[in-house]
Amino acid sequence: MSAHPSIAMFDVAGDSLAIGGVPIDRLAERVGSTPFFAYDRRLMTSRVEHIRSVLPRDVELSYAVKANPMPAVVQHLAGLVNACDVASALEMKTVLDTTLPPSQVSFAGPGKTTAELTQAVAAGVTIVMESPHEAIRLTEIGNRLGIRPRVAVRINPDFQVKASGMRMGGGPQQFGIDAEQVPPFLRELALADFEFLGFHVFAGSQNLHADILCEALTRNVALLLRLAGDSPRPVRYLNLGGGFGIPYFDKDHPLDISPIGKTLGELMEQAIRPKLPDARVGIELGRYLVGEAGVYVTRVLDRKISRGRVYLVVDGGLHHVLAASGNLGQFIRRNYPIAVGSRMRQSELEEVSVVGCLCTPLDLLGDNVLLPRAEIGDLIVIFQTGAYGPTASPTAFLGHPPALEVLV
Ligand SMILES: *Cc1c(COP(=O)(O)O)cnc(C)c1O
């Protein structure tokens with residue numbers, strides 16, 4: 001079998017992959033239908049423990065809920081992290097249903113509606129403003145409700161983070177306020193009836209290079225401390241972003257976060273604490289907390305040979321796992337780690353293409369992959385699917401039923 005590190009994170013009992021200690025066939029019986037997503041809570045817990053062991057003690061860990069908003073997952077993580085970052089009213093509701101206090105919730109994202117902003121002010125969460133116009137709307141909402149909005153400003157840095165899978169800062173952006181526009185904006189904020197807390201910066205996603213992430217952190221901290229000098233009130237909140245990637249593909253190397261912890265420790269001690277002794281400082285992670293803890297499980301419906309190529313046709317597809325089909329932000333299509341769930345130790349392999357059930361050639365889950373010979377009824381498992389799964393997929397496309405999700 002492939003030695004991809006994400007597969008090795010799960011136990012194998014006999015010939016069978018086990019998720020949360022439950023053999024995959026038995027789990028499928030328990031769930032009752034395929035396809036489904038299974039998330040392993042132990043793996044999430046140990047991931048958080050690992051991050052904590054590396055981060056300075058006074059750096060908070062926030063979960064970016066959009067990576068996996070399943071309520072049970074959010075409940076589980078809410079007990080492990082310090083804070084959550086949400087990007088919609090529904091995500092905010094999911095977090096407010098946990099034990100996390102509203103003061104530990106931040107709401108970022110461009111294009112927040114007046115209804116969402118109103119809910120966020122009423123809830124008392126921190127609203128991360130992404131434009132000057134949001135400040136105007138928040139003033140109106142605050143006046144109407146008689147509540148001072150708790151706000152932070154998202155900064156679009158004046159530099160770019162290299163090698164991010166998705167770039168969300170530097171250059172022109174729909175995200176945040178350009179660094180050079182921030183000082184005059186802060187002067188306006190000084191007049192507004194807000195509880196101004198501080199800054200947020202998030203410049204990119206899916207980065208596997210510790211050295212680049214360290215450099216970005218260092219530059220972000222320098223930028224934020226410079227801007228803190230223009231702040232109307234002492235800065236009490238600094239969200240330094242994240243962007244920690246996970247290894248989706250064969251040649252990807254897992255991110256080593258220990259240099260990041262070390263850099264953060266130095267930045268805290270030498271730069272942040274001398275200037276902002278009491279500010280809450282945090283990083284915010286999505287896929288790094290949940291992505292590797294999840295698998296997508298789909299059953300072989302058909303096995304056919306076309307002009308020499310073996311096709312395994314499964315009951316799932318890109319309508320549940322768009323990213324694994326290569327159609328979500330990949331430039332060159334590459335395969336996610338994949339296995340036959342009940343044949344984990346078989347060494348005789350064949351080359352097959354695993355295709356989904358949608359009537360489109362885009363619905364390709366494994367292109368010429370080496371797998372043990374799979375029969376109709378076998379379970380195919382796709383790894384690295386604990387983040388950006390069903391909620392980042394076109395679930396209505398072709399009208400098949402949604403995938404169930406379980407936390408094991
Ligand atoms: C999407 C997003 C995240 C999470 O990104 P990951 O790559 O999953 O870690 C964090 N913060 C903000 C502001 C985001 O938009």
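One-based numbering, in listed order, for ligands and for the atoms of each. Just so it is clear, the structure is predicted and the values come from calculations on it, not from any experiment.
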Using salt bridge (Lys or Arg N to Asp or Glu O under 4.0 Å), reason through Arg144 and Glu140 one step at a time and then give a plain yes or no. CA-CA 6 Å; Arg144 187 172 73 74; Glu140 288 165 8; over 6 Å; no
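Taking only nitrogen or oxygen atoms, main chain and side chain alike, Asp85 does not reach within less than 3.5 Å of ligand 1. No N or O atom of Ala67 sits closer than 3.5 Å to an N or O atom of ligand 1. Among the atoms of Tyr388, some N or O lies under 3.5 angstrom from an N or O of ligand 1. Polar contact check, Tyr288 against ligand 1: no nitrogen or oxygen pair lies under 3.5 Å apart. Between His200 and ligand 1, no N or O atom pair is found at a separation short of 3.5 Å.
We find that Arg280 and Glu60 are joined by a salt bridge, their nearest charged nitrogen and carboxylate oxygen being less than 4.0 Å apart. Here Arg226 pairs with Asp158 in a salt bridge; the nearest charged N to carboxylate O distance falls below 4.0 Å.
Residues His4 and Ser6 have side chains that bring a donor and an acceptor to within less than 3.5 angstrom of each other. Between the side chains of Tyr237 and Arg150, not a single donor N or O lies within less than 3.5 Å of an accepting N or O. Ser62 and Asp85 share no donor-acceptor pair across their side chains, judged by distance under 3.5 Å alone.
For atom 12 (C) of ligand 1, the closest non-hydrogen atom on the protein side is Glu284 OE2, 3.4 Å. Ranking the protein heavy atoms by distance from atom 9 (O) of ligand 1 puts Gly286 N, 3.0 Å first. From the protein, the heavy atom lying nearest to atom 7 (O) of ligand 1 is Ser205 OG, 2.6 Å. Looking from atom 15 (O) of ligand 1 to the surrounding protein, the closest heavy atom is Lys66 NZ, 2.7 Å.
The shortest separation from a heavy atom of Phe175 to ligand 1 is not under 4.0 Å, leaving the residue out of contact.
For Tyr296 and His320, the distance between ring centers is under 6.0 angstrom. Ring to ring, Phe199 and Phe196 are close: their centroids are under 6.0 angstrom apart.
Listed by number with element, the atoms of ligand 1 under 4.0 Å from a non-hydrogen atom of Ala64 are 3 (C), 4 (C), 10 (C). If you number the atoms of ligand 1 from 1 as listed, the ones under 4.0 Å from a heavy atom of Arg287 come out as 6 (P), 7 (O), 8 (O), 9 (O).
Contacts between Ala108 and ligand 1, counted as non-hydrogen atom pairs separated by less than 4.0 Å, are absent for every part of the residue.
Considering Gln173, Glu130, Glu134 in turn, Glu130 is the only one that fulfils the side chain to side chain donor-acceptor pair (under 3.5 Å) rule with Arg154.
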